[in-house]
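Here's the structure we're looking at; comments come further down.
All values below were derived from every heavy atom in this structure, side-chain atoms included, with hydrogens, water molecules and symmetry-related copies excluded.
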Amino acid sequence: MGKRTKAKKEGVGGGGSCGGSGSVATCPKDAQLTPEVVVAAPYTTPKSDEERRAMGAELYEGSIRELRKILAGPRGMSMVHLDAIGVIDSVKRCRVSETPERGSFTIFLPGAGQLPRFGHTNMLTEQQASIVRIMHQDVMRIVGSQENQRRAEEP
């Protein structure tokens with residue numbers, strides 16, 4: 001039996017449950033990661049479900065922190081670029097006439113204390129667009145709770 005055939009039967013290397021079209025998350029614990037596996041699924045790591053959820057929550061919270069920086073800024077428009085999994089990659093101020101690039105959307109902030117307006121999501125993938133919808137809902141809750149708190153503090 002050749003080296004390549006043996007590796008495929010054991011699920012290590014170019015095929016089987018660990019490489020090629022398979023997911024790294026389904027690799028046996030004794031399997032070795034190969035460059036092919038890492039290139040095929042760069043964001044997937046052999047972690048438990050709890051660790052993946054915690055990592056996803058941390059990435060999402062980082063995105064929400066970036067959006068809060070936009071909300072704290074002055075009136076204007078910002079272009080938000082997302083990476084392949086829907087995490088905010090970069091934010092830059094832009095003109096109203098600029099069109100979003102692939103993987104980007106815009107946020108317009110009319111002024112301090114006013115609700116932000118999210119632009120269209122037609123330049124995003126389906127996964128990115130669903131994450132932006134969730135971010136939009138969360139940002140509206142944050143702004144709404146801040147407004148309610150401000151009203152409660154007024155005499």
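Note on Val91 and Phe108: separate hydrophobic clusters, where clusters join Ile, Leu, Val, Met, Phe, Trp and Tyr whose side-chain heavy atoms are under 4.5 Å apart, directly or indirectly. Hydrophobic clustering (ILVMFWY, side-chain heavy atoms < 4.5 Å, transitive): Tyr60 and Leu124 are in one cluster.
Using a 4.5 Å heavy-atom threshold, the side chains of Asp138 and Leu67 count as separate. Looking only at side-chain heavy atoms (C-beta outward), Ile70 and Val80 come within less than 4.5 Å of each other. Taking the side chain as every heavy atom from C-beta outward, Arg117 and Ile107 never approach each other to under 4.5 Å.
Gly86 and Ile131 get closest at one heavy-atom pair: O-CG2, 3.6 Å. Closest of all the heavy-atom pairs between Ser104 and Met79 is CB-SD, 3.9 Å. Taking every heavy atom of both residues into account, Ile88 and Ser63 meet most closely at N-OG, 3.2 Å.
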* Show your reasoning for whether salt bridge (Lys or Arg N to Asp or Glu O under 4.0 Å) applies to Arg133 and Glu126. => CA-CA 11 Å; Arg133 281 191 294 276; Glu126 187 177 326; over 6 Å; no
* Asked: What's the verdict on side-chain contact (heavy atoms from CB on, under 4.5 Å) for Val132 and Leu82, showing C-alpha distance, side-chain angles and the deciding distance?
  -> CA-CA 9 Å; Val132 168; Leu82 303 176; 3.6 Å; yes
* Between Leu59 and Ile85, is a side-chain contact (heavy atoms from CB on, under 4.5 Å) present by the stated rule, with each step listed? -> CA-CA 10 Å; Leu59 291 172; Ile85 61 172; 4.1 Å; yes
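Counting only residues at least two apart or in different chains, salt bridge (Lys or Arg N to Asp or Glu O under 4.0 Å) contacts with residues 95-112 comprise Lys92-Glu98.
Taken from CD1 in Ile142 to CD in Gln137, the straight-line distance is 12.0 Å, to the nearest 0.5 Å. Here the NE2-OG1 distance, from His136 to Thr121, works out to 10.5 Å after rounding to the nearest 0.5 Å. Interatomic distance, Glu66 CD to Leu71 CG, rounded to the nearest 0.5 Å: 11.5 Å.
Under the rule for a side-chain hydrogen bond (donor to acceptor under 3.5 Å, both in side chains), Thr106 has no partner lying at least two apart in sequence or in another chain.
In this pair, Phe118 and Phe105 present their aromatic rings parallel. The plane angle is below 30°, not in the 30 to 60° band.
Although no hydrogens or angles enter the test, the distance criterion places no donor-acceptor pair under 3.5 Å between the side chain of Arg93 and the main chain of Ser78. Judged by distance alone, with hydrogens and angles left aside, the side-chain atoms of Thr125 form a donor-acceptor pair with the main-chain N or O of Gln128 at under 3.5 Å.
Judged purely by distance below 3.5 Å, without hydrogens or angles, the side chains of His81 and Ser90 never pair a donor atom with an acceptor atom.
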